Amino acid sequence: MFESISTQAHKLIKLASRKNKTINNINSKTKLLTITSGKGGVGKSTFSANIAYTLSQKGYKVAVLDADIGLANMQVLLDLKPLYTFYDYLDGKVNLDKVLLSTKYKNITLIAGKSGFQTEKVQNSFIFSQIINEIINLNTYDFLIIDTGAGLNEYVKEFLTLSPNILAVTTTDPSALTDVYALMKMLSKDKTKLMLCYNHTQNYKIGETITNSLVNLAKKNRLNNNFMVEYIGNVSTSKCIPTTARLRKLFACEFRNEQVCVELDRIIDALLNNIK
Ligand SMILES: Nc1ncnc2c1ncn2[C@@H]1O[C@H](COP(=O)(O)OP(=O)(O)OP(=O)(O)O)[C@@H](O)[C@H]1O
Ligand SMILES: [Mg+2]
């Protein structure tokens, strides 16, 4: 008897979490941005950390949530050894204030991930909306940036569902573009917009041309007309990016005069114009 009630409750929670609507708290200044890609290794975490830094330099307060379930990169990029992680909160071991970690960068707070965390431990993704809502309700941060893992698994989908602003990072590699198109297809069902930027892409025009092709393909395949793709820029390949990452530093901080920083600044300007 008990078992069947608890099974039913579990199913209901799962259902509720699937039907979770986009978070849109008009009483909070915090804007929620999820950074995703489909294909792995294209630069999501690099973009998340360096976008956070560039925004922080403009005076914005930024929180970054490492949502790559089972892996943890952001604490390396932000050079921090977390005492508590996102999962201590998920496990109910600590309250939110313990997982909001100050970084060495003024105005950047990290909610860290945990490498080796077993994904099956997260019984339902309902808990994700809880932590995101809690952070937004604090009304402390201007931005909450969520760095997702690769692929379109249940967890990534949940973060995408919750987020009113989504930025996809891709390369021009055909398999990365195939994944971005799959993402467009999925998001077009219940979102109105996807921001798109290209990593490892030498000039702005290339990204624009490829975006137009993706949009034309979407039209040809009759994806939802109300869904738009907004191209927001490119970042070239640069040795300074993996070098700074290896040193647990941020290229946007260490190489202000490099071309990649100029490119990132353009992305930030477009992001600020598009984010809601
Ligand atoms: N524009 C670039 N030029 C040179 N190297 C880059 C560039 N962007 C990212 N990298 C390097 O590529 C590697 C992968 O980047 P990153 O970890 O940000 O990708 P990711 O999409 O977050 O990967 P994952 O899917 O595993 O989470 C890192 O070593 C990073 O330093
Ligand atoms: Mg990553």
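Numbering of ligands and ligand atoms starts at 1, following listing order. Values in this document were obtained by computation on a predicted structure and should not be read as measured data. Nothing fancy with the numbering, it's 1 onward along the sequence.
- Looking at S37 against ligand 1, nothing comes within 4.0 Å, counting heavy atoms.
- Under the 4.0 Å criterion applied to side-chain N and carboxylate O atoms, K205 and E208 are assigned as salt-bridge partners.
- Ligand-side atoms of ligand 1 in range of T237: 1 (N), 3 (N), 4 (C), range being under 4.0 angstrom from any heavy atom.
- Taking CG of N221 as the start and CG of N216 as the end, the distance is 11.0 Å to the nearest 0.5 Å.
- For a threshold of 3.5 Å applied to N or O pairs, the pair formed by V42 and ligand 1 contains at least one separation below that value.
- Residues Y198 and Y231 bring their aromatic ring centres within 6.0 Å.
- Considering each of R246, K44, H200, the one bringing a non-hydrogen atom nearest atom 21 (O) of ligand 1 is K44.
- Atom 10 (N) of ligand 1 has its closest protein heavy atom at I241 CG2, 3.8 Å.
- In the vicinity of D68, heavy-atom distances shorter than 4.0 Å reach the ligand 1 atoms 27 (O).
- Of all the atoms in ligand 1, the ones that sit under 4.0 Å from a non-hydrogen atom of A150 are 25 (O).
- Taking CD1 of I166 as the start and CG of L33 as the end, the distance is 9.0 Å to the nearest 0.5 Å.
- Nearest heavy atoms, Q202 versus N234: C-ND2, 3.8 Å.
- Ring planes of F86 and F159: tilted class, angle from 30 to 60°.
- Residue Q130 comes nearest to Y89 through the heavy atom pair NE2-OH, 3.4 Å, listed as atom of the first residue, atom of the second, then distance.
- Under the 4.0 angstrom criterion, atom 14 (C) of ligand 1 counts as having a protein heavy-atom contact.
- The closest heavy-atom contact to atom 16 (P) of ligand 1, among the options T36, T46, L71, comes from T46.
- Residues R256 and D265 are paired through a salt bridge, judged by an N-O separation under 4.0 Å between the basic side chain and the carboxylate.
- Going from atom CG of D173 over to atom CG of N199 covers 12.0 Å, rounded to the nearest 0.5 Å.
- On a distance-only criterion, N199 and ligand 1 share at least one N/O pair closer than 3.5 Å.
- Looking from atom 26 (O) of ligand 1 to the surrounding protein, the closest heavy atom is G41 N, 4.0 Å.
- Near P242, with a cut-off below 4.0 Å to any heavy atom, the atoms of ligand 1 are 4 (C), 5 (N), 31 (O).
- With a cut-off of 2.8 Å, the Mg ion (ligand 2) has no N, O or S atom of T46 in range.
- Residues K185 and L223 are in side-chain contact: their nearest non-hydrogen atoms beyond the backbone lie under 4.5 Å apart.
- The shortest non-hydrogen separation linking G149 to V156 is O-CG2, 3.8 Å.
- Within a 4.0 Å radius of atom 28 (C) of ligand 1, the protein contributes no heavy atom.
- Residue-ligand proximity: S236 is placed with a non-hydrogen atom under 4.0 Å from ligand 1.
- Contact atoms of ligand 1 toward G40: 25 (O) (distance under 4.0 Å to a heavy atom of the residue).
- Below 4.0 Å from some heavy atom of S238 lie the following atoms of ligand 1, by number and element: 3 (N), 4 (C).
- The nearest heavy-atom contact from the protein to atom 19 (O) of ligand 1 is G43 N, 3.0 Å.
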